[in-house]
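Worksheet: one structure, shown below.
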Amino acid sequence: MQHALSPTPRYALRRAANQKSAKCIANPTAPTSLRLRQPPSATTVVANPKSSTVVMAQERSGIVVGLNKGHKTTPLNTPKTKISRTKGQSSRRTAFVREITREVVGLAPYERRIIELLRNTQDKRARKLAKKRLGTFTRGKRKVEDMQTVIAEARRVGGH
């Protein structure tokens, strides 16, 4: 038998969910998987990706309920960017190594065939071949664009 003043398990779960959502800072239109998780701070900055304005949230009131509910806390001076945020950005060194490798090794046979198809104005066939070799349509499109830049560079170097 539960005591009259102790919260029910359902209420406790709802309160925990509210606390989690209070810590979650993001654009309301962004999906929940893309929202940033930050420790609670007195002043929170919410950036809208569609506009260049930054909206400042009001300070917390120290009251349990309401729009500005929560403990009064001091904001962090400089929030560090997570290493996971920089994933996928190629460094200068990696780009240089890839460029040298491309010069030394050359093109793969399927890439040469894509270039041949592009020169014969068969863009759709080139995309289909790239998709078949690389697995997804987006990767295929990107590879075809890369091959078009290779053709343009060869023309530019050959023309001079």
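The shown structure was predicted, so the numbers you read here are calculated from the model rather than taken from an experiment.
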Do Leu67 and Val64 sit in the same hydrophobic cluster, where Ile, Leu, Val, Met, Phe, Trp and Tyr count as joined when their side-chain heavy atoms come under 4.5 Å apart?
no

Linked, directly or transitively: Phe137 and Leu118 (ILVMFWY side chains, under 4.5 Å):
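Shared cluster, no.
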
Inter-residue atom distance [X].[atom1] - [Y].[atom2], 0.5 Å rounding:
| X | Y | atom1 | atom2 | result |
| --- | --- | --- | --- | --- |
| Glu145 | Arg127 | CD | CZ | 7.5 Å |
| Asp146 | Leu107 | CG | CG | 10.5 Å |
| Leu129 | Gln122 | CG | CD | 11.0 Å |
| Asp123 | Lys128 | CG | NZ | 13.5 Å |

Residue Ile100 excluded, over 12 heavy atoms near CD1 under 6.0 Å:
yes

Is a side-chain N or O of Thr94 found less than 3.5 angstrom from the main chain of Ser90, in a donor-acceptor match?
no

Treating Arg139 as the side-chain partner and Lys131 as the backbone partner, does any N or O pair qualify as donor plus acceptor under 3.5 Å?
no

Please determine if Glu111 and Arg102 form a salt bridge, counting it only when a charged side-chain N lies under 4.0 Å from a carboxylate O.
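A salt bridge is present here (some side-chain N lies under 4.0 Å from a carboxylate O).
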
Please give me the minimum heavy-atom distance between [X] and [Y], naming the atom from each residue.
| X | Y | answer |
| --- | --- | --- |
| Lys143 | Leu134 | CB-CD1, 3.5 Å |
| Glu59 | Asn68 | O-CB, 3.5 Å |
| Ala130 | Ile114 | CB-CD1, 3.7 Å |

Given side chains that start at C-beta, do those of Met147 and Arg119 come closer than 4.5 Å, heavy atoms only?
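Met147 vs Arg119: side chains apart.
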
Could you walk me through whether Ile115 and Val150 pass the side-chain contact (heavy atoms from CB on, under 4.5 Å) test, one step at a time?
CA-CA 8 Å; Ile115 287 176; Val150 167; 4.0 Å; yes

